[in-house]
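Below is one structure, written out as structure tokens; comments come after it.
Below, chain A is the first sequence line, B the second, and so on; all start at residue 1. These numbers come from a predicted model, not from an experiment.
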Amino acid sequence: MTTEEGGSLDFIREIVERDIREGKHEGRVHTRFPPEPNGYLHIGHAKAICTDFGIAREYGGLCNLRFDDTNPVKEDVEYVESIKQDIRWLGYDWEDRLYFASDYFEQMYRYAEELIRKGVAYVCDLSPEEVRRYRGTLTEPGKDSPWRNRPMEENLDLFRRMRAGEFPDGSRTLRARIDMASPNINMRDPAIYRILRRSHHRTGDSWCIYPMYDYAHCLEDSIEGITHSFCSIEFEDHRPLYDWFLDRLGIFHPQQIEFARLNLTYTVMSKRKLGMLVEEGVVSGWDDPRMPTLSGLRRRGVKPEAIRDFVNRIGLAKRDSNVDMALLDYCIRDDLNRRCTRIMGVLDPLKVTIENYPEDGTEELEFINNPEDENAGTRMVPFSREIFIEREDFQEEPHRKFKRLAPGREVRLRYAYLIRCVDVEKDSDGRITGLVCTYDPGTRGGNAPDGRKVGATIHWVSAPHAVVADVRMYDRLFKVENPLAEEDLLSTINPDSFRIIEGCMLEPASAGAGNGYTVQFERKGYFCKDPDSTEARPVWNLTASLRDTWKRILDRE
RNA sequence: UGGCGGGUCGUCCAACGGUAGGACAACGGACUCUGGAUCCGUUUAUUGGGGUUCGAAUCCCUGCCCGCCAGCCA
């Protein structure tokens with residue numbers, strides 16, 4: 001899919017390889033990831049991060065982390081640290097190349113004066129409302145600002161006085177002098193600087209004018225010697241402007257290359273919409289395990305390897321897409337399957353008394369920690385006369401395809417014994433309260449000496465040794481594939497996306513897990529110990545359930 | 001109906017004038033001390049119409065459809 005030999009390259013890597021081959025920029029590859037510190041990173045950003053940092057790594061280049069902090073109204077330090085943490089967690093390193101657009105404010109200002117001296121920028125006194133009217137529409141050309149032909153010296157003087165704080169906010173702008181009739185609206189004399197008295201998270205009150213994105217971004221790239229500047233499709237229209245500034249100034253000229261951003265089914269990806277879910281209390285926070293944020297995925301128990309694998313699999317192209325959430329789920333399971341220790345966890349406990357087992361008897365049985373990883377070793381798990389099994393692993397009147405426990409039927413307790421159900425205990429309402437079984441002492445470890453087969457192997461936990469825990473079950477946040485297509489986003493929320501199961505019974509080995517540790521509860525799924533855990537009450541989050549063939553059988557009928 | 005970009009299996013990505021392929025999903029089977037995992041197999045696609053060519057997903061023309069753009073946001 002990408003760089004493996006035999007696989008095809010995406011269009012961006014094709015460009016990069018061609019540039020290296022042709023010796024452009026002396027064969028140098030230098031990219032950057034330029035987040036605005038105004039929110040938390042999500043899996044869409046992971047695609048950009050893996051592209052920016054990943055391509056630099058693949059081609060022996062460098063990738064800078066640069067915060068694009070040109071608008072103090074929206075930005076805050078609070079986000080800087082979380083963004084850095086998420087990028088590191090994903091597995092990338094900017095070494096000593098941490099930059100801020102605000103580091104270049106002075107340089108940007110000098111370049112602006114240069115544009116004025118070259119006669120290609122002017123101070124405009126139009127109000128925001130007037131600017132809008134002068135701009136024209138998609139189908140009609142704009143009109144020249146009456147201030148467009150101001151003498152150069154006057155522009156320079158006015159711009160210096162803008163910086164000096166002589167004019168109120170919004171009263172003037174510095175504009176590029178391009179073409180008010182351009183069919184590309186971005187080229188209709190776009191603003192370069194606005195007057196804005198707002199304290200900046202890094203420069204404080206030293207500036208009352210701030211550069212606009214289109215002007216600032218190409219300069220940031222140029223100053224840092226970026227060779228390939230990747231961004232999303234909506235900036236395609238801005239590329240002529242990116243090139244225009246650099247050409248007027250005659251400075252180092254990186255190449256902007258646009259690719260399609262990630263969309264995922266059953267979720268939304270915009271900071272604004274995700275923020276709304278947080279504010280409305282639909283989710284518990286930016287790191288709610290249902291959120292597509294990196295912090296949410298991390299809390300859910302997803303590992304960075306799974307995300308990187310996912311990004312490699314979705315490819316890189318320019319067309320709009322809506323990637324199936326099932327692919328992400330697959331990557332998560334595939335990764336966890338290889339790495340996770342298996343433990344026993346009974347989510348919906350049903351007590352089983354093994355009547356022919358010694359009253360106070362206890363023994364330890366050997367369990368394989370991870371069948372997918374020989375090096376993971378084994379551990380000892382306690383067994384006793386009273387155990388819990390999953391309530392759904394017993395059917396009093398078994399469905400014709402049901403292979404597990406039923407009256408008179410024998411099943412295997414994983415790595416333990418074959419047991420047979422001899423009696424069903426019920427309360428006055430007829431609800432099953434427990435089972436009575438017998439075990440075959442000769443089947444210790446799980447195999448019958450006579451070679452007889454059983455229909456199923458089920459998981460279990462010794463009752464006196466069980467650790468009681470809360471398990472939080474998560475499902476997709478939205479009921480529909482494309483929530484954005486719906487008129488009311490909140491009405492498409494999946495009401496079953498979160499369910500808490502109290503009183504789950506886990507095997508004692510689970511007690512040793514630290515927060516953030518992910519295990520497989522055999523036959524159920526992958527679960528991650530949540531930081532909300534206390535000594536008395538551990539909390540586990542469902543990361544991903546195991547494929548459930550039984551459920552499919554039922555669904556089909 | 002201005003400009004820019006894009007339309008290939010259900011989904012995502014390949015094929016760069018020469019047999020439309022992979023992954024996920026779905027379906028069927030094998031195997032199994034997880035109804036997990038694994039393995040095998042099956043189904044399904046070039047936006048319509050014209051051209052150029054021995055040969056077109058690919059080049060040309062022309063429709064159709066989708067996305068983005070009218071912040072002193074990024």
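- Regarding A:Arg552, its CZ atom lies at a distance of 13 Å from the C1' atom of B:rG28, rounded to whole Å.
- Separating the OH atom of A:Tyr266 from the C1' atom of B:rC12 is a distance of 15 Å, rounded to the nearest angstrom.
- The shortest distance between side-chain heavy atoms of A:Ile43 and A:Leu262 falls below 4.5 Å.
- With sequence neighbours left out, the salt bridge (Lys or Arg N to Asp or Glu O under 4.0 Å) criterion links A:Asp237 to no other residue.
- Side chains of A:Arg342 and A:His459: no donor on one and acceptor on the other come within 3.5 Å.
- When the P atom of B:rC24 is taken as reference, atom CG of A:Asp329 falls 13 Å away, rounded to whole Å.
- Judged by a 6.0 Å distance limit and a 45° cone about the ring axis, A:Arg163 is positioned over the six-membered ring of A:Tyr109.
- The gap from the C1' atom of B:rU58 to that of B:rU19 amounts to 15 Å, rounded to the nearest Å.
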Under 3.5 Å, N/O pairs linking protein and nucleotides 14-17 of chain B:
unit_1, atom_1, unit_2, atom_2, d
B:rA14, OP1, A:Leu316, O, 3.4
B:rA14, O2', A:Ser8, OG, 2.7
B:rC16, N3, A:Glu14, OE2, 3.4
B:rC16, N4, A:Glu14, OE2, 2.5

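- In this structure, A:Asp309 atom CG and B:rC12 atom P are separated by 18 Å, rounded to whole Å.
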Contact pattern, 5' to 3', of nucleotides 68-73 of chain B - B, S or - by protein heavy atom under 4.0 Å: BBBSBB

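- Remark: A:Phe235 engages A:Tyr213, A:His238 in a ring-ring contact (aromatic ring centres under 6.0 Å, His included) (not counting sequence neighbours).
- OP1 and OP2 of B:rU11 both lie 4.0 Å or more from every side-chain N or O belonging to A:Arg313.
- Residues satisfying the salt bridge (Lys or Arg N to Asp or Glu O under 4.0 Å) criterion with A:Glu507, sequence neighbours excluded, are A:Arg379.
- Here, B:rA57 and B:rG17 have their P atoms 13 Å apart, quoted to the whole Å.
- Spacing between B:rG55 and B:rA20 at atom P, rounded to whole Å, works out to 16 Å.
- Of the N and O atoms on the side chains of A:Asn482 and A:Tyr266, not one donor lies less than 3.5 Å from an acceptor on the other residue.
- In this structure, A:Arg261 reaches neither bases nor backbone, as no heavy-atom distance under 4.0 Å exists between it and the strands shown.
- Contacts of A:Asp555 classified as salt bridge (Lys or Arg N to Asp or Glu O under 4.0 Å), with partners at least two apart in sequence or in another chain: none.
- Across B:rC31 and B:rU38, the matching C1' atoms stand 8 Å from one another, rounded to whole Å.
- Nucleotide B:rG5 holds its P atom 10 Å from the CD atom of A:Glu258, rounded to whole Å.
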Could you go through the side chain to side chain donor-acceptor pair (under 3.5 Å) check for A:Thr378 and A:Glu366 one step at a time? CA-CA 6 Å; A:Thr378 62; A:Glu366 188 174 35; 2.7 Å; yes

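- Across the P atoms, B:rC13 and B:rG36 are found 30 Å apart, a figure rounded to whole Å.
- As rounded to the nearest Å, B:rG71 and B:rC64 have C1' atoms that lie 33 Å from one another.
- Taking atom C1' on both nucleotides, B:rG6 is separated from B:rU47 by 12 Å, rounded to a whole Å.
- Ion pairing between a basic and an acidic side chain is recognised when a charged N comes within 4.0 Å of a carboxylate O; A:Arg13 and A:Glu58 show such pairing.
- Rounded to whole Å, the distance from CG on A:Asn263 to P on B:rC66 is 17 Å.
- Nearest-nucleotide mapping onto RNA chain B: of A:Glu481 and A:Asn447, the residue sitting toward the 5' end is A:Glu481.
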Tabulate below the donor-acceptor pairs under 3.5 Å that side-chain atoms of residues 326-336 of chain A make, not counting sequence neighbours, or state none.
unit_1, atom_1, unit_2, atom_2, d
A:Arg333, NE, A:Ser545, O, 2.6
A:Arg333, NH2, A:Ser545, O, 3.2
A:Asp334, OD2, A:Arg338, NH2, 3.0
A:Asp335, OD1, A:Arg339, NH1, 2.9
A:Asp335, OD2, A:Arg339, NH1, 2.8

I'd like to compare against my own output: the B/S/- annotation of nucleotides 34-42 of chain B with a strict under-4.0 Å heavy-atom distance to protein. BBBS-----

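- Syn is the conformation of B:rG71, whose glycosidic angle sits no further than 90° from 0.
- The side chain of A:Glu236 has B:rC4 as its nearest neighbour among B:rC4, B:rG6, B:rA23.
- Among residues at least two apart or in separate chains, side chain to side chain donor-acceptor pair (under 3.5 Å) pairs with a member in residues 123-136 of chain A are A:Asp125-A:Arg150, A:Asp125-A:Arg172, A:Ser127-A:Glu130, A:Glu129-A:Arg132, A:Glu129-A:Arg133.
- Ion pairing between a basic and an acidic side chain is recognised when a charged N comes within 4.0 Å of a carboxylate O; A:Arg444 and A:Glu363 show such pairing.
- With pairs defined as Watson-Crick or G-U wobble and both atom distances under 3.5 Å, the stems of at least three pairs that touch RNA chain B come out as B:2-7 with B:64-69, B:10-13 with B:21-24, B:26-30 with B:38-42, B:47-51 with B:59-63.
- Atom-to-atom, CG of A:Asn482 to P of B:rU11 comes out at 13 Å; the value is rounded to the nearest Å.
- One atom, CG of A:Leu327, and another, P of B:rA23, lie 12 Å apart when rounded to the nearest Å.
- A:Asp169 is linked by a side chain to side chain contact (heavy atoms under 4.5 Å, CB included) to A:Ile195, A:Arg197, counting only residues two or more places apart in sequence or in another chain.
- In this structure, the salt bridge (Lys or Arg N to Asp or Glu O under 4.0 Å) partners of A:Glu224, at least two apart in sequence or on a different chain, are A:Arg66.
- Taking atom P on both B:rC16 and B:rG7, the two are 15 Å apart, rounded to the nearest angstrom.
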